[in-house]
Structures are given as C-alpha cells and as structure tokens.
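See below for the structure under consideration.
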Amino acid sequence: MKKLINLTALVFLISVNMANANDETPNEVTKKFWNAMVNDDLRTAKSLTIRSKIKRSSLLNVKLKGVELKEANVINGHAFVPTTIFFAIPIEAVEDKECNITIDTELLKIEDKWLVDDIVTMESYNTALRKGLASCTTKMLENAIGLGKEQYEELQKKLKKSFDIFGDTFEDSLKSIKERLKKSLKELQEENEPAPQLPEPQKVEKI
C-alpha cells in the first residue's frame, strides 16, 4: 500500500510539472530560447523549437549580448514576439560597440505547448543581422573618420578581414559611407561657393 501511495504521488508530481511546462507563455519560451542562444547553449535552444534545425551559422560569429521582448501578439495558435537582439562585433577595436536588430520571434502551439518556429525565426534573424551589420559598420566608419586617416584605414582593414565571412555586407557598408561622404562634400562645397556677383547699377543722368 505504501509503495502504491508513493507511486501515485510521483505520478501526480510529474503531471503537475508537465502541466506547468505546458503553461509557459510565448514570451517565456522566447526568453528561454534567446537566452540559450546568447549563452551558446544550442541543446537548450533546439529543445524549444519545432524542428531542432538550429545550426552554428557563420552569422552567429557575432557576439550576442542579450534580448528585450515586447508582449506577444497571439493569433489562432500562432504567436509573434517582438524581439530586440543586442550584439557586438568580435573585433578588438570595436568590441565595446553594441549594435541591435529587431525581429519577430514566431512560435506555434503544438500539443498545448508553445515552440519556436526555428526555420522562420532564424531566416528573419539572418536577414535582419546582415542589414544590422551593414548599418552598424557604416556608423563605425563614419565615427572613425573624425579620428584621422590612419585610424580610419586601420578600422577599415579589420572590419574587412572580419566580414569576409559575410559576403557583400562590408562592401555594402563601404559603398554606403562613400555615397554619404560624397553627398556631404558636395553640400559643403555648395555652402562655400561665393554668391554670384550682380552688376553695378549704372548711373543715369537726369534729363
């Protein structure tokens, strides 16, 4: 009888724990998922997804720093959690520079349990990260211009070496900053151009 009571209690505890796990909200699951990604804990991250397709992509070579979430939008078994992801570029010269991107972490409710749609979410992450890297490196290069030519060229070399793995990302940044500089230079030249000289009024003798 005592063994039966103990077994019944054990089954009850397991049932309670499973019920609690199933009661996790989309925001709670999303928070766990991205915290695992920040801590490079792929096993935990995969356990919170539908297909366990999370891979150590080359784009994960950025250093994830943390996340901020807004309240989920839940529609017919789908949840969309606005997620701001903070990251840094692993280059000594700019290691303190923090960048961020914002995406929707998408979840589906499967057997009363919220799970991250890993394929859709990671596609959104990769796309946003490419754009975020281009924007962030552009700002870095703009700031480096004020430090002088040597510092600018040194940072340019380090960024180019780091972003070889990102395809056209760095070239896009350079193209963007060159266009901005060209525009700024043109505006500066226009400001400094002398005003057109009007002809002197001719004196006319009164009749």
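Start at 1 with the first residue, then count along the sequence. What you see is a predicted model, and the numbers here were worked out from it, not measured in a lab.
Annotation: salt bridge (charged side-chain N to carboxylate O under 4.0 Å, His left out) contacts involving residues 68-82, sequence neighbours excluded, are absent.
Side-chain atoms of Tyr125 and Ile101, non-hydrogen and from C-beta on, do get closer than 4.5 Å to each other. Contact annotation: the side chain of Lys31 approaches that of Leu69 to within less than 4.5 Å [non-hydrogen atoms, C-beta and beyond]. Here the side chains of Asp23 and Trp114 are not in contact, with every heavy-atom distance at 4.5 Å or above.
With Thr127 contributing its side chain and Ser124 its backbone, the two residues share no donor-acceptor pair below 3.5 Å.
Separating the CE atom in Met122 from the CZ atom in Arg51 is a distance of 13.0 Å, to the nearest 0.5 Å. How far NZ of Lys65 is from SG of Cys99: 11.0 Å, rounded to the nearest 0.5 Å. The line from CD of Glu106 to CD1 of Ile119 is 12.0 Å long, rounded to the nearest 0.5 Å. Atom CG of Asn27 and atom CG of Leu107 lie 8.5 Å apart (nearest 0.5 Å). Here OG of Ser47 is found 8.5 Å from NZ of Lys32. Values are rounded to the nearest 0.5 Å.
No continuous path of hydrophobic side-chain contacts links Val120 to Ile54 [ILVMFWY only; heavy atoms under 4.5 Å]. One hydrophobic cluster, built from ILVMFWY side chains closer than 4.5 Å, holds both Leu42 and Ile85. Note: the hydrophobic cluster containing Val38 also contains Phe87 (ILVMFWY, side chain heavy atoms under 4.5 Å, direct or indirect links). A single hydrophobic cluster is not seen to contain both Phe86 and Val62; linkage of ILVMFWY side chains at heavy-atom distances under 4.5 Å, directly or through other members, places them apart. The hydrophobic cluster containing Leu133 also contains Leu64, counting ILVMFWY residues as joined when their side-chain heavy atoms lie under 4.5 angstrom apart, directly or transitively.
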Can you list the steps and then say if Asp104 with Thr83 is a side chain to side chain contact (heavy atoms under 4.5 Å, CB included)? CA-CA 6 Å; Asp104 275 339; Thr83 307; over 6 Å; no
Check the pair Thr105 / Thr121 against side chain to side chain donor-acceptor pair (under 3.5 Å), numbers first and verdict last. CA-CA 5 Å; Thr105 301; Thr121 295; 5.3 Å; no
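Here the closest non-hydrogen pair linking Thr49 and Lys46 is OG1-O, 2.7 Å. The minimum heavy-atom distance linking Ala36 with Ala45 is given by the pair CB-N, 3.8 Å.
For the pair Asp118 and Lys53, the salt-bridge criterion is not met [side-chain N within less than 4.0 Å of a carboxylate O]. A salt bridge does not link Glu24 with Lys113: every distance from a Lys NZ or Arg NE/NH1/NH2 to an Asp or Glu carboxylate oxygen is 4.0 Å or more.
Through direct or indirect side-chain contacts shorter than 4.5 Å among Ile, Leu, Val, Met, Phe, Trp and Tyr, Leu115 is connected to Ile50, Leu108, Ile110.
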